[in-house]
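Each chain gets a letter, A, B and so on, in the order its sequence line appears, and its residues count up from 1.
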Number of protein chains: 2
Amino acid sequence: MLDAAAAVWAHDFSASLSAIAERAQVSRSTLHRYFTDRQALVDALLLDSLARLETLDDGGAASAPAMDTLEQYLRAGVEMGDRVIFLFADPNRFAGNPHWSADDGDGEMRALVDRARADGAIDERIPTSWAVSVYYALLYTAAEVSNQDMPRHVAADLAVRSFRRSVEP
Amino acid sequence: MLDAAAAVWAHDFSASLSAIAERAQVSRSTLHRYFTDRQALVDALLLDSLARLETLDDGGAASAPAMDTLEQYLRAGVEMGDRVIFLFADPNRFAGNPHWSADDGDGEMRALVDRARADGAIDERIPTSWAVSVYYALLYTAAEVSNQDMPRHVAADLAVRSFRRSVEP
DNA sequence: TCATTCTGCGACACTACTGTCCTATTAAGC
DNA sequence: GCTTAATAGGACAGTAGTGTCGCAGAATGA
């Protein structure tokens, strides 16, 4: 059901629960048993998606160059496809949601960018906020185009290349 | 009213007409007189926003290097702020809308990218579709961050730099 | 001033989605 | 086979948004 919700909501967040139930091939009753209301489903999908991001994140050795960690994280994110689109399509989508502390992945991401800057992989003149924004924008874009235009790994390669080039000195 | 609609819908496309009327400081009745239904307002805003993009586009000399035209177009787009966010927040938002021929700005954009590639400003290995996607992603991102993090022209500078670097050989 | 137009306000029916409930049917486990 | 749990299907009221209408007050302009 979470997969169905991600697939449907990645395309249109205002889609009804009926649409999700249909996609998941269950009745609306069943959907409602597992998730009392719409908010519960949103939260569950949000938590699950964030948890997956975390998992992927843990794969990276803390000792590796920060830019390599960013790259690995980016590639893994692209693999998540619809989940990433759901998460990052609209920056205001989860405003006010307790599970979506703006600090969530964001603080970590900023720290990573700052480390990469210290390593000389990011130009001094580029604000951290811009680097982070571009990072998410490319992640989202790669996930988006890999739904139609090209295979996932190609999109991931392009996103990685574009990100490194975008921010390097 | 169009400005109000752009401002509100840039933040949340599912926002009600009441919200837009309130933002525009008119009654819902008045809004309804000018735009019979929701679709009419969407179409009007879509057409108006596309027209503004066209106008900005015309400023570029056809003889200039394609990449310079792209840059100028990008800068002008960032100035449009909410209109751009409204247009490009969700790639599927206007699917099926007669005024949103995927070919609209897209065919033109692809042609521009191909010219830039011929000029040597874009790497041969980068697919046109990726360059176009990145272009719109950076345009959207710059419009987005210039609503909060930094002044418009700074965001535009960063977007231009990031785009050129992203795709150059 | 008067006539015309525009606007705001409220009422209304209609629609779509939501959340809840109940019942018959199916599947699973023993 | 029997018991238990899970599911599908439908009915239901409640809610929010939509589109339409009529009317009263304000603004505009001759």
For [N], take OP1 and OP2 only and decide whether either is under 4.0 Å from a side-chain N or O of [X].
X	N	answer
Thr30(A)	dT7(D)	no
Tyr34(B)	dC6(C)	no
Arg33(A)	dA6(D)	no

Starting at atom [atom1] of [X], determine the distance to atom [atom2] of [N], rounded to an integer number of angstrom.
X	N	atom1	atom2	result
Leu17(B)	dC9(C)	CG	C1'	17 Å
Asp37(A)	dT20(C)	CG	P	7 Å
Asp12(A)	dA16(C)	CG	C1'	14 Å
Leu31(B)	dC6(C)	CG	P	16 Å
Phe35(A)	dC17(C)	CZ	P	20 Å
His32(B)	dG17(D)	NE2	P	12 Å
Arg38(B)	dT18(D)	CZ	P	5 Å

| Do you know the tightest heavy-atom contact between Ala142(A) and Ala155(A)? |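 Between these two residues, the closest heavy atoms are O-CB, 3.7 Å.
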
Between [options], spot the one nearest the side chain of [X], thanks.
X	options	value
Thr36(A)	dT18(C), dT20(C), dG8(C)	dT20(C)
Val26(A)	dT18(C), dA8(D), dT18(D)	dA8(D)
Ser16(A)	dA8(D), dT18(C), dG8(C)	dT18(C)

| Are Glu79(B) and Arg75(B) ion-paired here, with the side-chain N under 4.0 Å from a carboxylate O? |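 Answer for the salt bridge query: no.
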
| Is Arg161(B) salt-bridged to Asp157(B), cutoff N-O under 4.0 Å? |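 Looking at Arg161(B) and Asp157(B), the cut-off is not met.
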
| query | For the base of dG10(D), is there a side-chain donor-acceptor partner from Arg28(A) under 3.5 Å away? | reply |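 There is none.
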
| task | Flag the pair Trp9(B) / Val42(B) as yes when at least one side-chain heavy-atom distance between them is below 4.5 Å, and no otherwise. | result |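 Yes, side chains in contact.
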
| field | Nearest-nucleotide 5' precedence on DNA chain C, Ser29(A) against Ser14(A) | value |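 Closest to the 5' end, via its nearest nucleotide, is Ser14(A).
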
| request: Please work out if Gln25(A) contacts a base, only the sugar-phosphate, or nothing of the nucleic acid, heavy-atom cut-off 4.0 Å. | output: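 The answer is sugar-phosphate, as Gln25(A) gets under 4.0 Å only of primed atoms, P, OP1 or OP2.
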
| Ring geometry between Phe13(B) and Phe94(B) (parallel below 30°, tilted from 30 to 60°, perpendicular above 60°) |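 Answer is perpendicular, since the angle exceeds 60°.
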
